[in-house]
There are 2 protein chains.
Amino acid sequence: MAADALSRVFAALADPTRRDMVARLTLADATVNELAAPYDISLQAVSKHVRVLADAGLVTRSRSAQRRPVHLEAEVFDLMTAWLERYRRAAEERYRRLDDVLASLPDDDPTPSAGGNRP
Amino acid sequence: MAADALSRVFAALADPTRRDMVARLTLADATVNELAAPYDISLQAVSKHVRVLADAGLVTRSRSAQRRPVHLEAEVFDLMTAWLERYRRAAEERYRRLDDVLASLPDDDPTPSAGGNRP
DNA sequence: GTCGTACTCAACCGGTTGGTTGAGCACGGA
DNA sequence: TCCGTGCTCAACCAACCGGTTGAGTACGAC
């Protein structure tokens with residue numbers, strides 16, 4: 001099971017509907033009803049999606065009257081950014097090291113598909 | 001279904017075993033056998049994990065003799081970073097803007113949801 | 001050829017997920 | 001006090017996921 005925090009966050013964002021919700025929540029807090037409006041699924045399904053986001057720490061709930069507005073939490077993004085940045089940098093460094101190796105070789109590299117061109 | 005690229009990437013990284021594989025692949029390419037070594041699961045299961053990573057575009061395969069080394073691709077990290085950074089920044093900006101709003105708002109009713117839009 | 005190594009494909013299994021419907025709770029307003 | 005609105009809980013279902021085992025393929029070595 002995806003017990004750890006990072007797994008829950010990644011899993012939560014693996015669903016396009018939930019990513020769309022997150023995108024809209026960056027603009028303003030919203031109720032479950034408001035969140036549900038654009039989608040062709042039941043309110044209960046939306047409620048479940050919100051719960052997944054909340055369990056991942058991506059959003060928090062409050063209560064004002066009958067409404068329970070959903071609020072996006074920015075902090076969890078930092079967690080992901082930290083993980084991503086760490087390995088992205090490592091991967092790129094390794095890639096750069098490969099350039100060194102290739103540069104020291106006599107032949108050239110006529111395959112643009114594999115590498116892309118990283119200046 | 002999670003057909004789009006971003007969903008596949010997030011889903012692939014939602015598994016701690018696969019994240020660990022990615023972490024180790026930042027150090028060096030590895031074969032399926034090498035990748036499988038630390039884990040207490042079958043080789044076939046590891047092979048499946050590698051396939052998920054490959055389908056997400058996180059790794060590529062090649063063939064040298066019987067070996068099919070797995071190579072980490074850095075480009076997909078850029079895709080995630082772009083998504084993340086976009087919404088992280090938006091969320092933080094909104095947080096900052098909240099101060100402004102609270103300072104300037106007297107009173108307001110911006111959500112007439114009960115009255116009009118219930119299809 | 002035959003063998004060993006390094007995988008992959010296929011079928012299966014239990015648990016999780018995304019969706020449904022129906023019932024029920026919490027709260028404010030008439 | 002009852003009603004309507006907003007939301008959640010519970011049960012169910014089909015599909016998917018991570019794992020297994022067993023068989024099969026690709027390739028180099030002998």
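Not measured: the values here are computed from a predicted model. We name chains A, B, ... by the order of the sequence lines, and we start the count at 1 in each one.
Checked against C:dT8, C:dG18, D:dT8, the side chain of B:S47 finds its nearest nucleotide in C:dT8. In the set C:dT8, D:dT20, C:dG19, the nucleotide with an atom closest to the side chain of B:A45 is D:dT20. Minimum atom distance to the side chain of A:R61 is reached by D:dC7, of the listed C:dG18, C:dC7, D:dC7. Distances were taken from every side-chain heavy atom of B:S42 (C-beta onward) to each of D:dT20, D:dG18, C:dG19; the shortest belongs to D:dT20. The side chain of A:N33 approaches D:dC7 more closely than any other nucleotide in the set D:dG18, D:dC7, C:dT8.
Residue A:T17 places no side-chain N or O under 4.0 Å from the OP1 or OP2 atom of C:dG18. Between A:R18 and C:dG18 there is a side-chain N or O to OP1 or OP2 distance below 4.0 Å.
One atom, CZ of B:R68, and another, P of D:dT25, lie 16 Å apart when rounded to the nearest Å. B:R51 places its CZ atom 13 Å from the C1' atom of C:dA10, with the value rounded to the nearest Å. Straight-line distance from the CZ atom of B:R8 to the C1' atom of D:dC17: 16 Å, rounded to whole Å. Straight-line distance from the CG atom of B:L43 to the P atom of D:dG22: 15 Å, rounded to whole Å. C:dA6 atom P lies 17 Å from atom CG of B:D29, rounded to whole Å. Between the CD atom of B:E34 and the P atom of C:dT5 there is a distance of 16 Å, given to the nearest Å. D:dT8 atom P lies 11 Å from atom CG of A:L35, rounded to whole Å. The CG atom of A:D15 sits 12 Å away from the P atom of D:dC17 (whole-angstrom rounding).
Counting heavy atoms from C-beta outward, B:R68 and B:V32 have side chains that stay 4.5 Å or more apart. Counting only heavy atoms from C-beta outward, the side chains of B:T60 and B:L72 never approach each other to under 4.5 Å.
Counting only N and O atoms by type, the side chains of A:S7 and A:D4 include a donor and acceptor under 3.5 Å apart.
Atom NE2 of A:H71 and atom CZ of A:R61 lie 12.5 Å apart (nearest 0.5 Å).
Each of B:Q44 and B:K48 lies near DNA chain D, and the nucleotide nearest B:K48 is the one positioned closer to the 5' end.
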Would you be so kind as to tabulate the donor-acceptor pairs closer than 3.5 Å made by side chains of residues 76-84 of chain A, with sequence neighbours excluded?
from, atom 1, to, atom 2, distance (Å)
A:D78, OD1, B:R88, NH1, 3.1
A:T81, OG1, A:F77, O, 2.7

